[in-house]
Amino acid sequence: MSFTVRQLALATLDRQLLLERRRIGVADAVRRVCALQAQTPASPYLALWNRVRDFAPEQLDAAFADGRIVKASLMRITLHAVHAEDYAHHHAAMLSTLRASRLYDRRFTSTGLDPADADALLPELAGFLARPRTGADVENEVTARFGEHAHRVWWALRTYAPLRHAPTGGPWSFTLPDTYLDSSVAAGAPSQDAGAGTRWLLLAYLRAFGPASAQDFARFTLLTRPAITQALHELGDQVVRVAGPGRAALFDLEGATVPAEDVPAPPRLLPMWDSTLLAHAVPGRVVPEEYRPLVVRRNGDMLPCLLVDGQVAGVWRAIDGGLELTAFHKLGKAAWQGLTEEAEKLAALLADRDPAVYRRYGHWWDKGLPGARTTKVKA
């Protein structure tokens, strides 16, 4: 059989726990969805609120604090929250990409240093970060060896070295200045082999976002096509080829299922940079092509989105006293009722934590967003 466009979208939503909130622990939920983009501290919390039944932010606070969930630079050279037992594998898969993004960047090469100079600092860095240190602390330590170039050496290392962000409190566990801890020895069985790490990550990706193409996986990770092709070959019959609506070959885990086309998709209020919106090649599965320029801004900011029947239908933002929902097209009464119920629950959660979440991105609304209707929901 050949899967339809809607079935592929529903498969993504189902595997991302967005067709039904599940009774599942936060660490297990993070593992199920592969990774949560975490460049904005609130986003992993709001992502799990959309996915976990009876989610309480304190659950994620505890998981970050005790190290069951690790926040680190990984896929797309961006901060992600991942299960601690997955971290070493994901880091091994991404290390070459992370390292090249910094050591071959002019900001590092202009120092006249070699990549080996930065690499030589890794053992010392691991020891220094045995307890939490701020970036300024690390720079001061690096200055003794690299002098005026310390800032750029640390800029490179903080992206590719095996380290994680240490929670510092605040409404979403992480506040400025960023604080770091060594993660060279992570929980579980670490993989230091890039090929094994790529295979591990590809299986996790398909479990969370499949069926998907090699191009989709490349979009999610920034890994090279040769590395992806090799991983697919080496996984053998763990991965099967399936038919879809387009010309690109789709892959999935052996025995994985895809929902029927008539399965309903409930309304959701996704956080900024939700992985569901970033896991497939443009234009993606749940973002209508005509709306992509509205939700993905030119500098890469991805606005908090409204999902209606499994598709992005608008955006939301925090305002004084609650939330504001803006639909890009006319929605029916039932859709608005569902969105309003979700918004009331989210506004109540934010009222206890951070009523002004994402407020720094309000300039996108100030510049104007088209909308068929805007509704305000009180906390």
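Computed from a prediction, not measured in an experiment: that's the story for all the values here.
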Test the Arg317-Trp364 pair against the cation-pi criterion, namely NZ or CZ under 6.0 angstrom from the six-membered ring centroid and within 45° of the ring axis. no
Full working for side-chain contact (heavy atoms from CB on, under 4.5 Å) between Leu176 and Thr168: CA-CA 8 Å; Leu176 295 174; Thr168 53; over 6 Å; no
Thr134 and Thr179 have their tightest heavy-atom pair at CG2-OG1, 4.0 Å
What one should report as the nearest heavy-atom pair of Leu122 and Pro162 is CD2-CD, 4.4 Å
- Arg31 and Glu85 ion-paired at < 4.0 Å: yes
Next on the checklist: With heavy-atom distances below 4.5 Å as the criterion, would you say the side chains of Val70 and His90 are in contact?
Outcome noted: no
What one should report as the nearest heavy-atom pair of Ala347 and Gly322 is CB-CA, 4.4 Å
Item to complete: Kindly determine whether Tyr160 and Thr97 satisfy side-chain hydrogen bond (donor to acceptor under 3.5 Å, both in side chains), including the steps that lead there.
Response: CA-CA 9 Å; Tyr160 80 88; Thr97 299; over 6 Å; no
Checklist entry - How about Glu290: does its CD atom have over 12 heavy atoms from other parts shown lying under 6.0 Å from it? => result yes
| If you measure from the Lys or Arg side-chain nitrogens to the Asp or Glu carboxylate oxygens, is any gap between Arg22 and Asp14 under 4.0 Å? | yes
Shortest non-hydrogen pair, Thr143 vs Ala150, comes out as OG1-CB, 3.4 Å
- Query: Can you say whether the rings of Tyr361 and Trp273 are parallel (under 30°), tilted (30 to 60°) or perpendicular (over 60°)?
  - Reply: perpendicular
Check: Are any of the side-chain nitrogens in Asp119 or Arg99 under 4.0 Å away from the carboxylate oxygens of its partner?
Finding: yes
Q. Should we say atom CG of Asn299 is surrounded by more than 12 heavy atoms from elsewhere, each under 6.0 Å from it?
A. yes
_Salt-bridge present (Arg21, Glu342; N to O < 4.0 Å)_ = yes
Item checked: 4.5 Å side-chain heavy-atom contact, Leu277 and Leu270 -> yes
Side-chain contact, heavy-atom cut-off 4.5 Å: Leu325 with Leu269? yes
Correct closest heavy-atom pair for Asp354 and Pro171 would be CB-CB, 4.2 Å
Any link between Phe3 and Leu19 through a network of hydrophobic side chains (Ile, Leu, Val, Met, Phe, Trp, Tyr) touching at under 4.5 Å? no
**Prompt:** Should we count CZ of Arg131 as having more than 12 external heavy atoms under 6.0 Å?
**Reply:** no
- Query: Would you say Leu163 and Leu125 make side-chain contact, with heavy atoms under 4.5 Å?
  - Reply: yes
### Query
Taking the side chain as C-beta and beyond, is there a heavy-atom pair between Val377 and Trp316 under 4.5 Å?
no
| request: Report the C-alpha distance between Val153 and Phe108 in whole Å, list the side-chain angles of each, state the deciding distance to 0.1 Å, and finish with yes or no for side-chain contact (heavy atoms from CB on, under 4.5 Å). | output: CA-CA 7 Å; Val153 172; Phe108 180 82; 4.2 Å; yes
* In terms of the angle between their ring planes, are His280 and Phe209 parallel, tilted or perpendicular, with boundaries placed at 30° and 60°? -> perpendicular
Test side-chain contact (heavy atoms from CB on, under 4.5 Å) applied to Trp365 and Leu303, step by step | CA-CA 10 Å; Trp365 280 260; Leu303 303 185; 4.1 Å; yes
Open item on the list: Hydrophobic clustering (ILVMFWY, side-chain heavy atoms < 4.5 Å, transitive) - are Leu222 and Met302 grouped together?
Closed with: no
The residue among Arg51, Gln37, Arg15 that forms side-chain hydrogen bond (donor to acceptor under 3.5 Å, both in side chains) with Thr276 is Arg51
One should read off an interatomic distance between Ile77 CD1 and Ser101 OG, to the nearest 0.5 angstrom, of 4.0 Å
- In plain terms, say whether Asp320 and Lys376 are close enough for a salt bridge, that is, a side-chain N and a carboxylate O under 4.0 Å apart. no
Review point. Is the distance between the ring centroids of Trp154 and Tyr180 less than 6.0 Å?
Key: yes
* **Ring geometry between His80 and Phe220 (parallel below 30°, tilted from 30 to 60°, perpendicular above 60°)** => perpendicular
Is there side-chain contact between Thr40 and Leu79, with at least one heavy-atom pair below 4.5 Å? no
If you group Ile, Leu, Val, Met, Phe, Trp and Tyr by side-chain heavy-atom gaps below 4.5 Å, do Leu74 and Val33 land in one group? no
query = Just wondering, do Pro288 and Val312 contact through their side chains at under 4.5 Å, heavy atoms?
reply = yes
Distance col, row Glu139:CD vs Arg133:CZ, nearest 0.5 angstrom, shows 14.5 Å
Going by distance alone, is a donor N or O of one side chain under 3.5 Å from an acceptor N or O of the other, for Ser43 and Tyr358?
yes
The reported gap from CG in Leu17 to CG in Leu48 (rounded to nearest 0.5 angstrom) is 9.0 Å
inquiry  = If hydrophobic clusters are built from ILVMFWY residues whose side chains come within less than 4.5 Å, do Leu307 and Leu346 share one?
reply    = yes
Quick one: are the ring centres of Trp49 and Phe55 less than 6.0 Å apart? no
Query raised in the report: Can Leu98 be reached from Leu121 by stepping across I, L, V, M, F, W or Y side chains whose heavy atoms are under 4.5 Å apart?
Result: yes
- Side chains of Pro167 and Asp61 in contact at under 4.5 Å (non-hydrogen atoms): no
| task | Run the salt-bridge test on Arg353 and Glu58 with the 4.0 Å N-O cut-off and return the result as yes or no. | result | yes
* Asked: Taking the inter-plane angle between the rings of Phe174 and Phe64 on a 0 to 90° scale, is it parallel (under 30°), tilted (30 to 60°) or perpendicular (over 60°)?
  -> perpendicular
task: Tell me, yes or no, whether the heavy-atom count around His363 atom NE2, taken from other residues, nucleotides or ligands under 6.0 Å, exceeds 12.
output: yes
Should we say atom NZ of Lys333 is surrounded by more than 12 heavy atoms from elsewhere, each under 6.0 Å from it?
no
Rounded to the nearest 0.5 angstrom, the OG1-CG distance for Thr159 and Leu95 is 11.5 Å
CG (Asp28) and NE2 (His83) are apart, to the nearest 0.5 Å, by 6.0 Å
For atom CD of Gln215, decide whether the heavy atoms of other residues, nucleotides or ligands shown that lie under 6.0 angstrom number more than 12. no
Going through the distances and angles, do Tyr291 and Cys305 end up as a side-chain contact (heavy atoms from CB on, under 4.5 Å)? CA-CA 11 Å; Tyr291 295 156; Cys305 289; over 6 Å; no
Heavy-atom closest pair (Leu13 atom, Gly310 atom, distance to 0.1 Å) is CD1-CA, 3.5 Å
Cationic N near anionic O, under 4.0 Å, Arg6 to Asp309
yes
Interatomic distance, CZ@Arg164 vs OG@Ser184, rounded to 0.5 Å, equals 11.0 Å
